[in-house]
Amino acid sequence: MAGRFGPVTGRARHPVIRIAGGAAALVVAALTLGTLVAVALRADGGPSLGPADWAAIRFTLIQAVLSAVFSVLLAVPVARALARRRFPGRVLLVTLLGAPFILPTIVAVLGLLAVFGRSGILSTALGWVGLGPIHIYGLHGVVLAHVFFNMPLAVRLILQGWLAIPAERFRLAASLGMGPREVFRRLEWPMLRAVVPGAFLVIFLVCTTSFAVALTLGGGPRGTTVELAIYQAFRFEFDLGRAALLSLIQFGICAVAAVAVWRVSLPSGLGGGLGRVVERWGIATPGLRALDAAAILLAALFLLTPLALIVIRGAPGLLSLPPSVLQATFRSLVVALCSVMLTLALALSLALMAQRARGLVAGGTEALASLSIAVSPLVIGTGLFLLVYPFADPVRLALPITALVNALMSLPFAYRAIAPALAEVETVRGPLASSLGMRGWARMRYMVLPALARPMGFAAGLAAALSMGDLGVIALFADPGQVTLPMQLYALMGSYRMEQAASTALLLLACSLALFWIFDRGGRMRADA
Amino acid sequence: MLTLEGVVIEQGAFRLAADWSVRAGALVPVVGPSGAGKSTLLSVIAGFFPPSSGRVLWDGKDLSPLEPGARPLSIVFQDNNLFPHLTVAQNVGLGLSPGLKLDRAGWRRVEDSLGRVGLQGLGARKPAALSGGQQSRVALARVLLRARPLMLLDEPFAALGPALRAEMLGLVRDVAAETGATVLMVTHEPRDALRLGGETVLVADGMAAAPTETAALFDAPPETLRAYLGEG
C-alpha cells in the first residue's frame with residue numbers, strides 16, 4: 001500500500017547534492033544559454049544574410065528532410081523482417097544496428113568513400129559494365145552518409161514499435177483468419193503511424209546539425225550546411241559577426257525541430273529488449289520470405305561493407321603509422337577520458353538534484369539536461385570563442401574546450417540512462433535503506449551507486465566513444481600541432497594519403513569501440529545483482 | 001507500549017482511523033481485506049509518511065520528529081528486504097551500522113545472528129544464491145541484531161509455501177521472545193494469525209479496530225471479518 005503515498009522522510013536534502021547539482025546546472029546553462037547570448041550580442045547589427053547563406057539554409061533543410069525520409073522508408077521493411085523472422089545472427093545484427101551511434105563520423109565517411117567513391121568498389125564494378133563512376137560529393141553523398149548513420153536508428157525504433165504490439169493481438173488476428181494485408185491494416189499500420197513521425201523528427205533534428213559529413217562529402221558552395229558555413233566564416237574569413245549570425249540561424253532551426261520532437265514524444269532507440277521475435281502466421285510463402293531475406297541482406301551489406309573495407313585496407317599499415325598519429329591518439333584518449341568524467345559528474349549531479357526537487361526545479365533540471373540535443377556544437381564553440389577570446393588564446397584551450405563540449409553533447413543520453421535507474425532504486429530500495437537509517441554517503445555507496453553501475457557504465461561508454469570520434473568543435477579551434485585523432489584523419493584524407501588514412505581510421509574505430517566496450521562491460525560486471 | 005493516538009490517515013478518497021494501544025511484548029496479527037490499509041498503517045508507524053492527524057507514541061514518547069531509521073523499530077517488507085549487490089553478511093551488518101563500519105566484534109555478532117536463524121556459514125553469499133525461505137531468514141537475522149523493541153512485518157512470508165510459512169512464524173516468535181519485542185504482523189492468511197496468537201487488529205471499512213484476543217475474534221467473527229473470510 002505504501003506506493004499510494006510518496007515518501008516524505010528519509011530522503012534527506014543533502015547539502016553536497018544541492019551544491020553539486022547547482023554547479024552542474026550553472027555549467028550547462030552557461031555553456032548552452034550563455035554562449036547563445038554571447039553569439040546574439042555579437043550578431044546584433046552585424047552583416048545581413050547573403051545569397052550563399054540562404055543557400056546554406058536551404059541545403060541544410062533539404063538534406064535533413066531527404067535523409068530522414070530515406071532513413072525511415074528504408075527502415076520499415078528491414079524492421080518488419082527483423083520483427084518476424086528468426087535466423088542465425090539476428091541478435092548480432094540488432095546489436096550492430098546500435099553501433100553507428102558510437103561510430104566516428106569521419107571513419108564511416110572514409111568507409112562510404114571506399115564503396116561509393118570515385119575509385120570505390122561500386123564505381124569499379126559499374127566500370128566493368130561500361131557505366132561511369134559515381135559522383136559522391138554533393139547532396140546525394142551527404143544524404144547517403146546520413147542514411148548510413150540514421151537508418152539503423154530508425155530500424156531499432158520501428159522494431160521496438162513492432163515488438164510492442166502484444167503477441168495476443170497477432171494470435172487473435174490469426175484465429176480470425178486475417179491475412180498479411182489485413183494484419184498490416186489493423187495492427188501494423190496504426191503502430192507505424194504512431195512511431196514513424198517521432199523517428200522522422202529525431203533524424204531530421206540530428207541531420208540539421210550535421211557538420212563532419214558536410215565537411216567531408218558536401219560539394220562546394222552548393223553543398224554547404226549552416227554548420228559548415230559557420231566553420232568557414234570562422235576559419236577562412238575570420239568573420240566573427242557572420243559566424244555569430246549563422247549560429248543564431250542554426251539555433252533557430254534546431255529549436256524549431258526540437259520543439260517538434262518534444263511534442264511527438266521522443267522515442268528512445270538505445271534500450272534493449274529487442275531479442276523477441278513476433279510470432280506470425282501466414283507469412284511462410286516463398287515471396288514474403290524472399291522479400292524479408294532481401295531486406296535484411298541489403299541492410300547488412302550496406303552497413304557492414306564500408307566498415308569491412310576500413311578493416312581490410314587499414315590493417316596492413318597499422319603497425320607503421322607515423323608518430324604524429326600516435327600522439328594524436330594519445331591526445332584523443334585523454335580528451336575522451338576527461339569528457340567521460342565531466343559527463344558522469346554533470347549527469348549524476350543533475351539527476352540527483354532533479355530527484356530531490358519538486359515541481360519547477362525538477363522540470364527545469366530535466367529540461368537543462370536535454371537542452372544540448374537542440375544546441376549545435378559549433379554554435380557553442382563560436383560562443384565560447386567569443387567569450388574566451390578577450391581573455392585568453394582560444395587555440396591554446398582547444399583540447400579542454402573539446403572535452404567540455406563533448407561532455408555537454410553526451411549529457412542528454414547519460415542523463416536519460418541514469419535518471420530512471422535512480423528513480424527506480426529510490427522506489428524499490430529506498431524504504432529499506434530509510435528504515436535502516438542509511439543516509440548521506442552510506443546510502444550513496446551501498447544503495448545508489450551499485451544500482452547505477454550499469455547505466456553509468458553505458459553512459460561512460462557512450463561519452464567516451466562520442467568524444468573519441470568527434471570532429472566538430474575541435475575543427476574551430478584546432479592548433480595544427482595539437483590535433484586529435486579525427487582531425488589527423490581528416491588532414492590525411494585531405495592530402496590523399498589514403499593508405500595511412502585507412503590505417504588511422506581503423507585505429508580510431510578500434511579506440512572508439514574499445515572505449516565503449518570497456519566502460520559498458522565494466523558497468524555490467526559491477527552490477528552483478 | 002505502542003500507542004496510536006487519534007491517528008487518521010488520508011489520501012484522496014482513502015481514509016483510515018486508529019486509536020488504541022498495544023502493550024509491550026504483545027504479538028499482534030493485522031488482518032483485513034486487501035486495499036483496506038494494513039500496509040499503510042505499518043508505513044505510518046514506521047515513519048515513511050506522516051498521518052494527517054494524531055500521533056504515534058512509543059512508551060509515551062512522540063515518534064513524529066524521528067526519521068524511519070531512528071525509530072525504535074525494525075520493519076520487514078513483503079519483498080526487497082535485501083540489497084541484491086551486497087553479501088548476506090553485509091545485509092545483516094547494515095543492522096548494526098548503516099554505513100557498514102563494523103569492527104571484528106561486530107562481524108562476529110553478524111555471524112552469530114546468522115547462526116541463530118540457521119544460516120551458519122552462508123554470510124559470503126549474495127541473496128540471489130539463497131532460496132526464498134533463506135532470504136526471509138536473513139531479514140530476520142538483521143531484525144535480531146538490531147534488537148529494536150518493535151517489529152513490523154508487512155506480509156514478509158506471503159511468497160512462501162504453507163510449511164515454510166509455519167516455520168518462519170515459529171522463528172518470528174523465537175526472535176520476538178529473545179529480544180522482548182512487540183510484533184505487528186500484516187497477513188491475509190487467518191491460519192497465520194491464529195498461529196501467531198496474541199491479539200488481532202482488524203482493518204476494514206476505514207477503521208483499524210483495537211486489538212482483540214485472536215482466537216476469540218476468529219471464533220466469533222464480527223460482520224466485517226465474516227465477509228472477509230467468506231462466511232458471510
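FYI, side chains are in, hydrogens and waters are out, and symmetry mates aren't considered; it's all heavy atoms of this structure.
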Check this for me: W517(A), atom CH2, are more than 12 non-hydrogen atoms of other residues, nucleotides or ligands nearer than 6.0 Å?
no
Smallest separation among heavy atoms of P98(B) and M438(A), with atom names:
O-CG, 3.4 Å
With only heavy atoms counted, which part of R146(B) is less than 4.5 Å from chain A, the side chain, the backbone, both or neither?
side chain
Considering non-hydrogen atoms only, spot the tightest contact between F83(B) and Y446(A) and give its length.
CD2-O, 4.3 Å
Above 12 or not: heavy atoms from other molecules or residues under 6.0 Å from CZ of R148(B)?
yes
Of all heavy-atom pairs between N81(B) and L432(A), which one has the smallest distance, and what is that distance?
O-CD2, 3.1 Å
Does CD in E424(A) sit with more than 12 non-hydrogen atoms of other residues, nucleotides or ligands closer than 6.0 Å?
no
Measuring from R142(B):CZ to S435(A):OG, what's the distance to the nearest 0.5 Å?
6.5 Å
Do H85(B) side-chain atoms and L449(A) backbone N/O form a donor-acceptor pair below 3.5 Å?
no
Would you name the heavy atoms of A442(A) and G99(B) that are closest together and state the gap between them?
CB-CA, 3.5 Å
So what's closer than 4.5 Å to chain A heavy atoms on L152(B): side chain, backbone, both or neither?
neither
Flag if over 12 foreign heavy atoms under 6.0 Å of CE, M207(B)
no
In Å, rounded to the nearest 0.5 Å, how long is the span from CG of L82(B) to CZ of R429(A)?
8.5 Å
